[in-house]
Amino acid sequence: MTDTRRELKLGAFLYPTGHHVAAWRHPDAQADAGSNFAHYVALAQAAEAAKFDLIFMADGVGTRGTDIEALSRTAIRYVAQFEPITLLSALSAVTSNIGFVATASTSYNEPYHIARKFASLDHISGGRAGWNLVTSSSEHEAHNFGRDEHYAHAERYERAEEFADVVRGLWDTWEEDAFPRDKESGIYFDPDKQHILNHKGKYFKVRGPLNVARAPQGHPVLVQAGSSEPGKELAARTADVVFTAHQTTEDARAFYADLKGRLAKYGRDRDDLKVMPGIFPVVGRTEQEAQDKFQQIQDLIHPAVGLSMLAGMAGPIDLSQYPLDGPVPELPETNSSKSRQKLLLDLARRENLTIRDLYLRIAGARGHYQVVGTPVQIADKMEEWFTTGAADGFNIMPPHLPVGLYDFIEHVLPELRRRGLFRSDYEGRTLRENLGLGVPRHPARAQIAAE
């Protein structure tokens with residue numbers, strides 16, 4: 001399906017208290033957000049009233065970090081927050097149009113679990129579910145699943161490739177009309193419309209079928225966030241949406257062109273994949289007000305938290321042994337997120353940043369694009385990326401919640417609408433319809449059509 005209207009796609013990326021590393025300390029932040037369901041209800045309903053395409057939830061199956069001093073001072077290291085599928089299932093009952101994307105790792109789940117959970121969420125929400133496929137990047141998650149160390153990067157992606165194929169195969173084990181549930185004939189399902197998977201691969205052996213009927217969207221929307229070479233190749237073959245991080249318009253354009261250019265070899269059109277970089281907006285009525293608001297939250301960062309955040313993103317090294325106001329040292333290649341490590345080190349070298357400078361630069365957006373300014377200035381940057389081949393939309397990363405999201409809705413969205421860049425109402429009821437994505441045809445139907 002071609003998106004002829006060419007309007008921005010927007011996701012509300014909701015960390016519990018906000019994206020800034022010190023968000024929970026802000027006077028306007030909901031400090032207990034990770035365990036506060038009413039907080040999420042208010043955010044979801046506000047995002048839906050604003051006509052966002054989706055709400056996005058990151059996740060990790062383990063607290064990240066062992067530095068208890070740093071952990072005790074932060075709320076963004078998966079210390080205390082809801083499991084996302086449980087949360088989004090509940091939020092679907094108090095909304096009707098906005099989509100729900102949850103992160104689930106291919107490293108520490110089984111394909112059958114993921115296929116079943118997301119198909120269920122798609123039914124519960126009436127066709128608004130999406131799965132953010134990640135391979136996990138934290139050694140700390142491995143320790144919760146019987147492993148002494150995390151899977152190697154190449155192995156993670158090889159496993160993820162097979163994992164994605166098994167999940168999609170399980171979603172295809174029933175045709176759309178496989179369940180007549182005919183009381184007169186006594187036929188609950190049509191045996192001819194059940195398709196046993198019988199997958200036998202290097203990592204998984206899964207017979208099927210899935211014990212959930214075919215999802216309203218055919219397949220829940222498949223989202224990816226990897227920007228390494230294996231990640232881009234997996235996304236080009238399987239993803240509907242890619243969330244990504246870039247510091248410059250030039251880098252974003254290059255990534256966009258690269259990724260879109262890979263689609264044809266998999267028989268896909270450029271519009272079959274939406275690229276939505278993260279953007280961290282600090283909104284002020286004037287530029288000075290925006291800068292003052294940003295400085296207020298920057299001043300709340302504890303050095304131990306800044307160093308811990310860098311260590312978690314840039315590689316397995318204790319940066320506290322280096323001068324805080326000295327240069328960022330050479331780092332060994334990480335086994336976690338290689339693309340994010342490269343982004344951070346490139347930024348440090350390009351701008352000659354010290355260790356303190358670097359953690360201050362990424363304390364809010366963690367490597368994503370950061371804009372501090374007026375609604376017009378923020379809309380200018382979003383329009384530039386959108387109209388010059390760098391993005392199909394954005395994942396909005398509020399500095400602190402709930403006010404950061406409300407600021408964007410109240411001040412930036414009207415400016416985007418004034419420019420004809422964002423919708424005034426939803427196009428449909430499902431996430432695929434609103435994103436301008438087609439419904440995957442069941443392989444059996446595709447075969448009949450080909451004959």
Side-chain angles (χ1 to χ4, degrees), residues 13 15 19-23 58 64-67 69-71 73-74 76-77 137-140 150 153 225-229 231-232 243-256 258 277-282 291 294-295 297-373 381 385 390-391 395 397 399:
F13 186 170
Y15 260 45
H19 281 269
H20 195 279
V21 70
R64 291 187 180 177
T66 56
D67 180 348
E69 165 73 2
L71 281 175
R73 294 177 177 275
T74 184
I76 68 164
R77 306 295 284 175
S137 60
S138 169
E139 293 284 344
H140 307 291
H150 195 23
H153 190 272
S227 297
S228 64
E229 276 301 308
K232 286 187 286 189
F243 293 155
T244 183
H246 299 289
Q247 286 289 305
T248 69
T249 312
E250 293 71 26
D251 286 347
R253 286 182 194 141
F255 176 85
Y256 186 96
D258 180 7
I279 184 171
F280 175 93
V282 181
Q291 292 292 344
F294 182 58
Q295 191 59 51
I297 198 168
Q298 288 283 86
D299 289 343
L300 299 175
I301 303 170
H302 190 281
V305 174
L307 287 173
S308 175
M309 179 181 59
L310 272 185
M313 296 172 62
I317 188 169
D318 179 11
L319 292 171
S320 65
Q321 64 184 295
Y322 296 93
L324 200 57
D325 294 308
V328 177
E330 293 296 326
L331 299 177
E333 185 176 26
T334 183
N335 185 40
S336 53
S337 178
K338 294 182 184 295
S339 59
R340 190 58 55 89
Q341 182 192 55
K342 183 178 185 304
L343 183 150
L344 296 182
L345 294 180
D346 286 351
L347 173 64
R349 304 289 180 254
R350 184 171 62 244
E351 300 188 15
N352 196 29
L353 303 178
T354 66
I355 292 174
R356 189 196 305 271
D357 291 337
L358 184 58
Y359 80 59
L360 286 172
R361 279 293 301 274
I362 67 166
R366 298 182 313 285
H368 291 272
Y369 191 56
Q370 181 171 289
V371 187
V372 180
K381 290 296 184 182
W385 282 43
N395 221 10
M397 304 168 62

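Worth saying up front: this structure is predicted, and the values here are computed from it rather than measured.
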Could you pull out all residues at least two apart from Asp325 that satisfy salt bridge (Lys or Arg N to Asp or Glu O under 4.0 Å)?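 Checked Asp325 against salt bridge (Lys or Arg N to Asp or Glu O under 4.0 Å); matches are Arg356.
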Salt bridge (Lys or Arg N to Asp or Glu O under 4.0 Å) partners of Glu229, counting only residues at least two apart: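 Result, salt bridge (Lys or Arg N to Asp or Glu O under 4.0 Å) vs Glu229: Lys232, Arg262.
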Which distance, rounded to the nearest 0.5 Å, do you find between the [atom1] of [X] and the [atom2] of [Y]?
X	Y	atom1	atom2	result
Leu358	Ile355	CG	CD1	8.5 Å
His20	Gln370	NE2	CD	7.5 Å
Tyr369	Asp251	OH	CG	11.5 Å
His368	Asn395	NE2	CG	8.0 Å
Gln295	Leu300	CD	CG	10.0 Å
Phe294	Asp299	CZ	CG	10.0 Å

Hey, what's the ring geometry for His246 with Phe255, parallel, tilted or perpendicular (30° and 60° as the breaks)?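 Plane angle between 30° and 60°, so tilted.
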Would you say the side chain of [Y] lies within less than 4.5 Å of the side chain of [X], judging by non-hydrogen atoms?
X	Y	result
Pro303	Tyr359	yes
Thr248	Arg350	yes
Val328	Arg349	yes

Taking all non-hydrogen atoms of both residues into account, name the closest pair between Phe280 and Met397 and its distance.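 Closest approach of Phe280 to Met397, heavy atoms only: CD1-O, 3.4 Å.
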I need the minimum non-hydrogen distance between Ala390 and Pro277, along with the two atoms involved.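 What the structure gives for the nearest pair is O-CG, 4.0 Å.
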For Phe243, give me all partners under ring pair (Phe, Tyr, Trp, His ring centres under 6.0 Å), at least two apart in sequence or on another chain.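 Ring pair (Phe, Tyr, Trp, His ring centres under 6.0 Å) list for Phe243, sorted by chain: Phe56.
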Check: Gly373 main-chain N/O paired with Gln291 side-chain donor or acceptor under 3.5 Å: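 Such a contact is absent between Gln291 side chain and Gly373 backbone.
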